[in-house]
Structure formats: structure tokens, C-alpha cells
Amino acid sequence: MAVQGHRRKGAVVAGALAGSLALGLLAVCGCAGRGPGGGPAGDAAHGRGSSQVRQVREAAGPAADPARALAAVRHAPTALARAGGARVRTSMETVSGGTRLTIRGRGVYDFARPVGRLTVMLPEGAAGRAGHRPITEVFAPGALYMKNRGAGVPAGKWVRLDTGALADGDLLTSGATDPLAAAELLGGAREVAYAGEERIDGVRVAHYWGTVDLSRAAQAAPERDRAALAAAAKGFSSGTVGFDAYLDEQGRPRVLRYRFGMAEAAAAGGAGRRPAMTAAAPAAVAPSGASAAASVAPAAEEVAAARPSGLPSPMTVVSTVELLSFGLRPDIALPAPAEIYAGTVASPQK
């Protein structure tokens, strides 16, 4: 059973990932997903309403005190900031009309600064296209930098996007949810249930699942990060998203998983029209919304190319962030002003 909010009157279409698919409605829902190791615990967070949450709490007994579970989950962003740096693995799985594509990333993040760097690999499309260059992404407060993305961008140049101006707040745009944003979403957790203990890579973790209120997450986040999360709260029609969180004994997130559901309401003929965008100079504000992100969003064009022609079909996006090797001090430099491309970026062509 899906937890799905009603579309808000005049709601913005949150099409940063799927902008080139011309979505008419984006409804965030909680649907079943597998946990680390393939066990059933990972299925818990998605697709459960308030009654199911209460049933699981009751079955778990005194150890699953709701107030304690909620406090542990909401404390996770603070615990992560105190941890300093870590290695990061990400995956973003997109399923649409029987087509399944996964974008994977690896990198490091300094949660104290905060700044992170990922190398993101696009999959070979079901249509048979291969030869993608890895995309380098740098995350910083209020900004996303991408290299090797966007037609017409000179080699070695970066494209800069203002995350607060993106319809999804960069939860999906780059093909990898910003690991810091993934943790800060937990500040808006509600309806949290404790699902027991597990082990991930030999580390004992507590598994929690529930839903996140995006507006509450934006309010709870540090001021530097509020604009992006506030944009996501406005862009996603339901205003909530289901999650699984696996926290270690220090309260740090080891695995975070979110599931987004989308309903495509626009005609299929609009999928092929990809607007151009203007990349921002360092001091400028990048273009916003689906139009800005469509030309650099990695997964949208893959799904559009791989999916058979015909009527649009529902899309599901499962975003997972894994954190390991805490205590690192990664050396991450932001792109210099001269390295940022300020010209027009065309959509990638097939």
C-alpha cells in the first residue's frame, strides 16, 4: 500500500530528475524496498501508513519506544557532522515501464566543512548506448558543481547549479542524493518505527523506518541548507517521503534509503523536447526548476531513451547513500571561478 499525498493546488512539477520526461505530477510515496543484504527489514519503511507503523511498534515491544526511535533518527545529522569525513557510495535506481537503470557513485565527504566529491557512473542504456564519461560532482552549501555533463560545455569546465533554485532541491537532479542532504532529511522524520538490529559490513546497526516531512526537514536544517530542502518541500506534491535508516552505536548513519514515486501525466510526445539552460558564473544564480536541470540530470535521458515508445508509465526512484570509513580528512577543493562555464548548455543529444 502506497502512502501518497494529494496534489497541491498549483503545485510545482518537481521534474529535476525527470524534467525531460515532461512529468505533469510528482507524487512522493513510500514503497517496498530491500535492505542491505537483501533481507526483509529493508522493506519496512515504504508503503506503510500510520496504522501499520503502530502495529510494528507494538510487535517490537518496549525496546521500540516511539519517542526514543524518533529522537535517535532526528539526532543522526548532528552525529554525522561530528564524525568529520567518510567514504561514500551512492546508487539511484530508476524503474519505469519495465525498464530498470541504476546510476552509481563513489567518493568522499567532509561533513564538518561541509563539502563532498563523487564520481558518478551512468549505466549503459537499455537502448544500447555506452561510452559515458564519468561525471565528477562536488557538493557545497547551496551549490552543485558538475564536470563532464551538458552538451557544449568545454572539456575541463564545470557547470554550477544553485540547489535552492532546483525544483527537487538536488535530491535527484545529479543522479546521487547529496549525502549531507540525505542525513538532514531525517530532521523532519515522523511516524518512526524501530525495526531491530542488523549488521552491515560487520558493524552493528539499528534499523529505523518511517516517513519524512520535507517542510519540517527544511526548518530543522542549518540555515545554509534550508533553501534546497525548502525547494524540495514545495516541488514534491505530497510533501513526504518514506525512508529506511541504519544507525551505528554512535548514532551515525551507515545506510540511508529513500523511495520516490512519480506519475507521468504529460503526453509522451513532450519527452523529446529538452530545453537549453544557462550555466551560472560563480557569483550568479543558476537557472531553476526542470528547465535548468533537464539538460544535466543524468537519469532522465537514460530512461527516456531506454523506454519503449508509447504512453508514459509510472516511475519509481530509489536513492541509497552508504557511509563508511569514518574519520577521514578528505582534501576536497571547490572549482575555481575560471573553471566554471558561464555559457549556454544544451541538453545531451542521442
Side-chain angles (χ1 to χ4, degrees), residues 30 32-46 56-57 59-65 68-93 102-121 137 139 175-187 189 192-210 212 242-259 318-332:
R34 305 296 288 180
D43 297 346
H46 310 298
V56 171
R57 285 173 177 167
D65 175 63
R68 182 176 179 180
L70 182 62
V73 168
R74 289 184 176 174
H75 179 70
T78 301
L80 187 59
R82 293 174 178 171
R87 298 192 186 279
V88 180
R89 293 194 296 250
T90 66
S91 68
M92 188 170 288
E93 183 180 73
T102 302
I103 299 173
R104 301 189 185 279
R106 288 179 177 267
V108 292
Y109 214 110
D110 185 340
F111 294 100
R113 286 181 58 183
V115 63
R117 182 182 62 242
L118 289 179
T119 299
V120 176
M121 294 295 299
E137 301 178 356
F139 302 91
T177 299
D178 180 342
L180 179 62
E184 289 179 343
L185 283 175
L186 297 179
V192 177
Y194 173 71
E197 288 189 352
E198 300 184 31
R199 286 190 176 271
I200 298 177
D201 296 330
V203 177
R204 187 168 64 180
V205 296
H207 177 201
Y208 301 91
W209 59 263
V212 164
F243 74 89
D244 283 275
Y246 299 80
L247 311 182
D248 64 18
E249 293 180 334
Q250 287 74 45
R252 304 170 300 192
R254 289 286 178 159
V255 175
L256 297 173
R257 177 174 293 109
Y258 297 92
R259 173 165 291 211
V318 180
S319 180
T320 303
V321 174
E322 300 178 60
L323 302 171
L324 58 158
S325 301
F326 286 109
L328 294 177
R329 293 186 177 180
D331 183 12
I332 304 171

Exercise for review: Find out whether Glu137 and Arg117 are in side-chain contact, i.e. whether some heavy atom of one side chain is under 4.5 Å from a heavy atom of the other.
Suggested key: no
Point to revise | Chi angles and distances behind the side chain to side chain contact (heavy atoms under 4.5 Å, CB included) call for Asp244, Tyr208 | key: CA-CA 6 Å; Asp244 283 275; Tyr208 301 91; over 6 Å; no
Point to revise | side chain to side chain contact (heavy atoms under 4.5 Å, CB included) between Tyr258 and Val318, intermediate numbers included | key: CA-CA 6 Å; Tyr258 297 92; Val318 180; over 6 Å; no
Practice item. State which residues pass side-chain hydrogen bond (donor to acceptor under 3.5 Å, both in side chains) with Arg113; sequence neighbours excluded, sorted by chain then number. Key: none
Point to revise | Set of residues satisfying side-chain hydrogen bond (donor to acceptor under 3.5 Å, both in side chains) with respect to Asp248, sequence neighbours excluded | key: Arg252, Arg254
Exercise for review: Of all the heavy-atom pairs spanning His207 and Glu198, show the shortest one and how long it is.
Suggested key: ND1-OE2, 3.2 Å
Only pairs under 3.5 Å count here: list side-chain donor-acceptor contacts from residues 320-328, not counting sequence neighbours, and write none if there are none.
| from | atom 1 | to | atom 2 | distance (Å) |
| --- | --- | --- | --- | --- |
| Thr320 | OG1 | Arg257 | NE | 3.1 |
| Glu322 | OE1 | Arg89 | NH2 | 3.1 |

Check your understanding: Is a side-chain donor or acceptor of Thr90 paired with a backbone partner of Ala176 at a separation under 3.5 angstrom?
Key -> no
**Study point:** Minimal non-hydrogen separation, Pro253 against Leu247, with atom names
**Key:** CA-CD2, 3.7 Å
Point to revise | ring-ring contact (aromatic ring centres under 6.0 Å, His included) partners for Phe139, two or more places apart | key: none
Check residues 75-84 and write down every donor-acceptor pair under 3.5 Å in which the side-chain atom is one partner and the other belongs to a residue at least two apart or another chain.
none

**Study point:** Heavy-atom closest pair, residues Pro330 and Val108
**Key:** CB-CG2, 3.6 Å
**Study point:** Side-chain touch Trp209/Val73, heavy atoms, less than 4.5 angstrom
**Key:** no
Exercise for review: With sequence neighbours excluded, give me every side chain to side chain donor-acceptor pair (under 3.5 Å) pair touching residues 175-186.
Suggested key: Tyr109-Asp178, Thr177-Ser319
Point to revise | Counterpart residues, side chain to side chain contact (heavy atoms under 4.5 Å, CB included), relative to Arg74 (two or more places apart) | key: Leu70, Ala189, Arg216
Practice item. Would you name the heavy atoms of Ala245 and Leu256 that are closest together and state the gap between them? Key: CB-CD2, 3.7 Å
Review point. Any idea which heavy atoms bring Thr102 and Ser91 closest together, and the distance?
Key: CG2-CB, 4.2 Å
